[in-house]
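Right, one structure below, let's go through it.
Remember, predicted model here, so these are calculated numbers, not experimental data.
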Number of protein chains: 2
Amino acid sequence: MVDVDEIDKKILVELRKNGRITFTELSKKLGLSVASIKNRVDKLERLGAIKGYSALVEPAFLDEYLQTLIELELLADDPQAERALQEIGKLENVLGIYRKTGEFQIMIRANFRNMDELKSFLRFLSQRYLRKNLRRWRVAIILDVIKDNGVQISKGSQRR
Amino acid sequence: MVDVDEIDKKILVELRKNGRITFTELSKKLGLSVASIKNRVDKLERLGAIKGYSALVEPAFLDEYLQTLIELELLADDPQAERALQEIGKLENVLGIYRKTGEFQIMIRANFRNMDELKSFLRFLSQRYLRKNLRRWRVAIILDVIKDNGVQISKGSQRR
DNA sequence: GCTGAAATTCTGGAGTG
DNA sequence: CACTCCAGAATTTCAGC
């Protein structure tokens with residue numbers, strides 16, 4: 001990775017741990033002026049090293065009582081499916097979509113208000129988007145989140 | 001969820017999409033004064049609705065060329081293992097740890113610089129932490145991230 | 001590239017209806 | 001709850017090194 005030095009990497013590590021840290025704090029931690037920190041963060045965003053920022057929201061507060069990991073086995077990687085996944089990614093309750101190795105090539109992380117919503121999502125997936133391509137799926141329920149996106153979640157946080 | 005109304009939920013949704021949005025911008029989007037937005041965000045953090053903030057970092061910029069999903073099958077949920085998972089969560093390259101249903105009860109999302117680092121992490125898991133408890137694991141390589149933590153990632157971003 | 005300093009914008013508290 | 005007010009911080013821009 002050209003254009004990115006050790007200080008930049010430290011900035012990335014800090015921002016992954018705390019996405020709302022101020023440039024002022026960063027400048028104290030790393031011993032650079034605020035202006036330099038800003039220049040570097042701007043550069044990192046421009047280079048695509050930082051894709052965005054996100055708050056880690058406890059799903060229950062959005063009435064998302066069901067956290068799931070859904071794996072999909074597709075028959076082929078056609079561009080159709082690729083586009084379908086982009087579309088699915090626009091849904092607010094879909095937190096992550098990953099292409100991966102293994103029996104199931106796609107992993108979706110999605111939250112739902114209840115079983116009915118999950119069921120209609122699965123119906124939606126097969127009917128609307130991945131009609132011929134989707135061979136089977138597997139759903140796991142997330143029982144507890146210990147760490148998420150680089151942020152350690154306090155124990156027993158799933159209580160309501 | 002008592003204490004959380006529709007406006008609060010909109011705030012959570014916005015912050016999940018953009019964790020660094022200013023209160024001023026939020027106030028424009030939602031038609032409330034800046035002070036009210038701040039009061040609400042403070043409340044949401046206090047209530048634990050917001051667990052933290054994170055930047056989405058393209059792993060290659062941290063020399064993390066190997067993105068993985070590691071599943072663990074544990075023999076029992078003893079408190080030992082619970083503590084071990086907390087410890088593992090302190091590692092910077094471990095982005096997520098989830099307890100879940102299914103054959104494998106734990107899913108870890110972790111990034112590595114190379115195969116050797118992955119191998120020593122797996123050795124570490126079984127030797128150091130989960131000695132008697134760990135029955136087996138399964139590793140999948142993440143090939144592409146389409147959406148992550150509520151933030152859509154531009155297509156073909158995994159190129160290098 | 002980094003810096004300090006000025007201009008602008010945002011945040012955090014106190015207080016009001 | 002939501003609002004205004006305002007002091008103090010943080011951010012942004014820029015000239016100079």
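Across its full length, the helix from C:dG1-D:dC17 to C:dG17-D:dC1 shows an angle of 30° between the axes of its 5 terminal pairs at either end, rounded to 10 degrees.
A 4.0 Å heavy-atom criterion places the boundary nucleotides of DNA chain D facing chain A at D:dA10 to D:dT13, written 5' to 3'.
Between the side chains of A:S36 and A:S33, at least one donor N or O sits under 3.5 Å from an acceptor N or O. Side-chain polar atoms of A:Y98 and A:E71 form no donor-acceptor pair below 3.5 angstrom.
Here the C1' atom of nucleotide C:dT3 and the CD1 atom of A:I7 are 14 Å apart, to the nearest Å.
Considering only side-chain N and O atoms, B:K38 lies under 4.0 angstrom from the phosphate OP1 or OP2 of C:dG12.
With sequence neighbours excluded, the residues that form a side-chain hydrogen bond (donor to acceptor under 3.5 Å, both in side chains) with A:N111 are A:E64. Partners of A:E73 according to the salt bridge (Lys or Arg N to Asp or Glu O under 4.0 Å) rule, which considers only residues two or more places apart in sequence or in another chain, are A:R135, A:R136. Considering only residues two or more places apart in sequence or on other chains, A:T101 meets the side-chain hydrogen bond (donor to acceptor under 3.5 Å, both in side chains) condition with none of them. For the salt bridge (Lys or Arg N to Asp or Glu O under 4.0 Å) test, no residue two or more places apart in sequence or in another chain qualifies with B:K10. Looking at residues two or more places apart in sequence or on another chain, you find a ring-ring contact (aromatic ring centres under 6.0 Å, His included) between B:F121 and B:F112. Legend: residues meeting ring-ring contact (aromatic ring centres under 6.0 Å, His included) with B:F23, ordered by chain and number and at least two apart, are absent.
Counting non-hydrogen atoms of neighbouring residues, nucleotides and ligands closer than 6.0 angstrom, the CZ atom of B:R131 reaches no more than 12 such neighbours.
With salt bridges taken as basic N to acidic carboxylate O contacts below 4.0 Å, one links A:K38 and A:D42.
For the salt bridge (charged side-chain N to carboxylate O under 4.0 Å, His left out) condition, the pairs that include at least one residue of residues 25-34 of chain B, sequence neighbours left out, are B:E14-B:K29. Under the salt bridge (charged side-chain N to carboxylate O under 4.0 Å, His left out) criterion, the residue pairs touching residues 113-122 of chain A are A:D63-A:R113, A:R113-A:E117, A:D116-A:K119, with sequence neighbours excluded.
Residues from residues 22-34 of chain B lying near DNA chain D, meaning a heavy-atom separation below 4.0 Å, are B:L32, B:S33 in numerical order. Within residues 11-20 of chain A, no residue has any heavy atom under 4.0 Å from DNA chain D.
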Derivation of the side-chain contact (heavy atoms from CB on, under 4.5 Å) call for B:K100 and A:I141
CA-CA 5 Å; B:K100 64 179 193 71; A:I141 308 294; over 6 Å; no
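Base contact: B:N39 has a heavy atom under 4.0 Å from a base atom.
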